Amino acid sequence: MLQQDNRLKKKVAFTATYNNKNSKHKNGITVYFGREKKEDEELKIGFVVSKKTHKRATKRNRLKRLMRESCRLLIKNGFTSDYLSLIFVGHESALNLTFKEIDESIKSLLGVKDGGNL
RNA sequence: UUUUGCAGCCGGAUAAUCGCGCUUUAAUUAGUGAGGAAAGUCCGUGCAUCCAAGGACAGAUUCCCGGAGAAACUCCGGACGGCGUGAGCCGGUGGAAAGUGCCACAGAAAUGUAGACUGCCGAUGGAUUUUAUAUCACAGGCGAUGGUGCAACGGUGAGUUAAGAGCUUCACCGCAGAUACCGAGAGGUAUCGGGCAGGUAAACCCGAAUCGGAUGCAAGAUAAAUUUGAAGGCUAAGGUUGUCCGCCAUCUUCAGACAUAUCGCUUGCGGCUGCAAGUAAUUACAGUCCCAGACAAAUGAUUAUCUAAAAACAGAACACGGCUUAUGAGCUGCUUAGAAAG
RNA sequence: GCGGGAGUAAUUCAGUGGUAGAAUGCUUCCUUGCCAAGGAAGAUGUCGCGAGUUCGAGCCUCGUCUCCCGCU
């Protein structure tokens, strides 16, 4: 779980990010980018795995936790983005991946170089 | 040793680092943090709001007996029936003699103590004949016979008879009834008389028992806000059980839309231990403990060691009692059948 | 979390407990110089799945799976 400041919560913020129509995809994970942020604003990140992806709550929760853990480690190592908000959407093909595979694909989606320690 | 059935347990462990929810603290200080099914939502409760003077009809649910339980399509013990060599397992198990419907095809006939047809008989009556014998499907008697069907009006064998038949004739058996005994009861056993009018009620129905209704924590309470539309002067619209009657409330009211915080929210028909009653379900008493409470929603990641192995089904959202379904590997107790040896 | 509905041919749907049907599509043939239209014939079903009641279930009862919808 991320810290409170970095969570994307409001429904309005989610729809605004989706409507920006700026997205990338890799290994069953899609990232939506929000608008560019101003200097005094915090980065907000949300995670979505739809009920249509898989029926069982445990498998959906597992994918969300793995994506969260990857982002947490990135932020801890000093990662910042030019965008105000990010949404990660997990799809069916990503359900059975390990943490390392998800970590690598998220890093490449965000343009972080291997190693990660900035 | 192979194997069967039943009951129960477990549901990864330990350490380090980086993290999250809630409570707490001066302080990342300290504490605590998913299940046996948290699931399906199939039953039943609590709790909350609104309505309810009520009445009639309709409706819903249950269905062997006794007990437990707040209640239940619940549990325990028994009865009966079915399955299994057996331990054991399964069962929505009142009534078909209140009435109605249905029973395709086949078959003479599918419910009405029936029988057109195929048949059997010609005792009795009649005809032919002098009479008897004999002949005649003439009246009449009969329901044994019929390549059917899930099912043919109790079954099998003998007697009786003209031919025949449960025919108050017999033997054995089946179903139902009465009486006696046993049992708390469902029911069981024996005897008697001689009743025998298919099946289907998970078809309508009949009987008995039970039932305030609607909405579900997205219930609802409090606080502070934004905004749209409509209507009238006792009318429209609304609520009240499915219908009808009846009833309720109001002058500024009614119908919405958007959206925030706090409460509801976890101490409860609670858990654990001991002891007592009971075949058991369960109950009584004593001691002790406080054990998730989120709201884009907390349990994860990495490393090392252990085990056959970086385990199966699977994630709380107001709570509880059941039921049903999913579930890896293994362990414990009792137990069935077979084989071999002593 | 709570409530409601559906599942039958490739598709859209009918179907009183008694031999599973219609339309469209598909295949073959006829017609035409060729195609379309038209005509004739034919194939295609685990009635979502598993039990039960019944002589006999697509239909009745129970369980289960999948899909859809509403409240936010």
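In this text, all values refer to a predicted model and were calculated from it rather than measured experimentally. All chains are named by letter (A, B, ...) in the order of the sequence lines, taking the proteins before the strands, and each is independently numbered beginning at 1.
An OP1 or OP2 oxygen of B:G315 is reached within less than 4.0 angstrom by a side-chain nitrogen or oxygen of A:Thr58.
To the nearest angstrom, C1' of B:G300 lies 12 Å from CZ of A:Phe47. Computed from coordinates, the A:Arg60 CZ to B:A39 P distance equals 13 Å when rounded to whole Å. Atom CZ of A:Arg68 and atom P of B:A297 are 6 Å apart (whole Å). Distance, A:Glu101 CD to B:U302 P: 11 Å, rounded to whole Å. In this structure, A:Asn61 atom CG and B:U299 atom P are separated by 9 Å, rounded to whole Å. Across the protein-nucleic acid pair, A:Glu69 atom CD and B:C20 atom C1' stand 10 Å apart, rounded to whole Å. For the pair A:Ile106 CD1 and B:A301 C1', the interatomic distance rounds to 13 Å; values are reported in whole Å. B:C18 atom P lies 21 Å from atom CG of A:Leu66, rounded to whole Å.
Heavy atoms of A:Lys76 sit under 4.0 angstrom from primed sugar atoms or phosphate atoms, though from no base atom. As judged by a 4.0 angstrom heavy-atom cut-off over every strand, A:Leu73 is placed among residues making no nucleic acid contact.
The side-chain contact (heavy atoms from CB on, under 4.5 Å) check on A:Ile87 picks up A:Leu8, A:Phe14, A:Thr17, A:Tyr18, A:Tyr32, A:Val48, A:Val89, with sequence neighbours excluded. Residues passing the side-chain hydrogen bond (donor to acceptor under 3.5 Å, both in side chains) test with A:Ser108, sequence neighbours excluded: A:Lys26. Under the rule for a side-chain contact (heavy atoms from CB on, under 4.5 Å), the partners of A:Leu66 that lie at least two apart in sequence or sit in another chain are A:Arg62, A:Phe99, A:Ile102. Remark: A:Lys64 engages no residue in a side-chain hydrogen bond (donor to acceptor under 3.5 Å, both in side chains) (not counting sequence neighbours). Judged as a side-chain hydrogen bond (donor to acceptor under 3.5 Å, both in side chains), and not counting sequence neighbours, A:Thr58 has no contacts.
Nucleotides of RNA chain B nearest to A:Lys59 and A:Phe99 differ in position, and the one nearer the 5' end is that of A:Phe99. Closest-nucleotide positions on RNA chain B for A:Ala57 and A:Arg62 were compared, and the one nearer the 5' end corresponds to A:Arg62.
Closest non-hydrogen pair, A:Leu109 versus A:Val31, comes out as CD1-CG2, 3.4 Å. The heavy-atom pair separating A:Ala94 from A:Ile29 by the smallest distance is CB-CG1, 4.2 Å.
The gap from the P atom of B:A7 to that of B:A294 amounts to 41 Å, rounded to the nearest Å. Atom name C1', nucleotides B:U266 and B:A48: the rounded distance is 16 Å, in whole Å. As rounded to the nearest Å, B:C167 and B:U145 have P atoms that lie 16 Å from one another. Across the C1' atoms, B:C263 and B:A224 are found 15 Å apart, a figure rounded to whole Å. B:G194 and B:A171 are spaced 15 Å apart, taking the C1' atom of each and rounding to whole Å. Spacing between B:U189 and B:G164 at atom C1', rounded to whole Å, works out to 40 Å. The same atom, C1', is picked in B:U240 and in B:A53; the two are 12 Å apart, to the nearest Å. Comparing the same atom, C1', in B:G233 and in B:U250 gives a spacing of 12 Å after rounding to whole Å.
With a glycosidic angle more than 90° from 0, B:C290 adopts the anti conformation. B:G55 adopts an anti glycosidic conformation, its chi angle falling more than 90° from 0. The glycosidic torsion of B:U266 lies within 90° of 0, which places this base in the syn conformation. Annotated as anti: C:G48, whose glycosidic dihedral deviates from 0 by more than 90°. The glycosidic torsion of B:A311 lies within 90° of 0, placing the base in the syn range.
Side-chain atoms of A:Arg72 come within donor-acceptor range of the base of B:C18, with a qualifying N/O pair under 3.5 Å. Residue A:Arg65 places no side-chain atom within donor-acceptor reach of the base of B:G19, judged by atom type and a 3.5 Å distance cut-off alone.
Under the Watson-Crick and G-U wobble criteria, each requiring two contacts below 3.5 Å, nucleotide B:U145 is left unpaired. When both distances must be under 3.5 Å, the Watson-Crick or G-U wobble mate of B:C75 is B:G67. For B:C102, the paired nucleotide is B:G199, the pair qualifying as Watson-Crick or G-U wobble because both relevant distances are below 3.5 Å. Across all strands shown, B:C90 is found opposite B:G81 as a Watson-Crick or G-U wobble partner, with both distances under 3.5 Å. B:U228 is paired with B:A255 under the criterion used here, namely a Watson-Crick or G-U wobble arrangement in which both key atom distances are under 3.5 Å. Pairing partner, B:A218: none, since no Watson-Crick or wobble contact has both distances short of 3.5 Å. With a 3.5 Å ceiling on both atom-pair distances, B:C10 lacks any Watson-Crick or G-U wobble partner. Pairing partner, B:G287: B:C272, with both Watson-Crick or wobble hydrogen-bond distances short of 3.5 Å.
A salt bridge links A:Arg72 to A:Glu69: one of the charged nitrogens lies within less than 4.0 Å of a carboxylate oxygen.
Ring geometry, A:His91 versus A:His25: the interplanar angle falls from 30° to 60°, so the pair is classed tilted.
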In dot-bracket notation, what is the pairing pattern of RNA chain C, taking Watson-Crick (N1-N3 plus N6-O4 or O6-N4) and G-U wobble (N1-O2 and O6-N3) contacts under 3.5 Å, with [ ] crossing and | for other strands? (((((((..((((....[..)))).(((((.......))))).....(((((..]....)))))))))))).
A:Ile106/A:Met67 under side-chain contact (heavy atoms from CB on, under 4.5 Å): CA gap, chis, key distance, verdict: CA-CA 8 Å; A:Ile106 282 180; A:Met67 292 197 293; 4.2 Å; yes
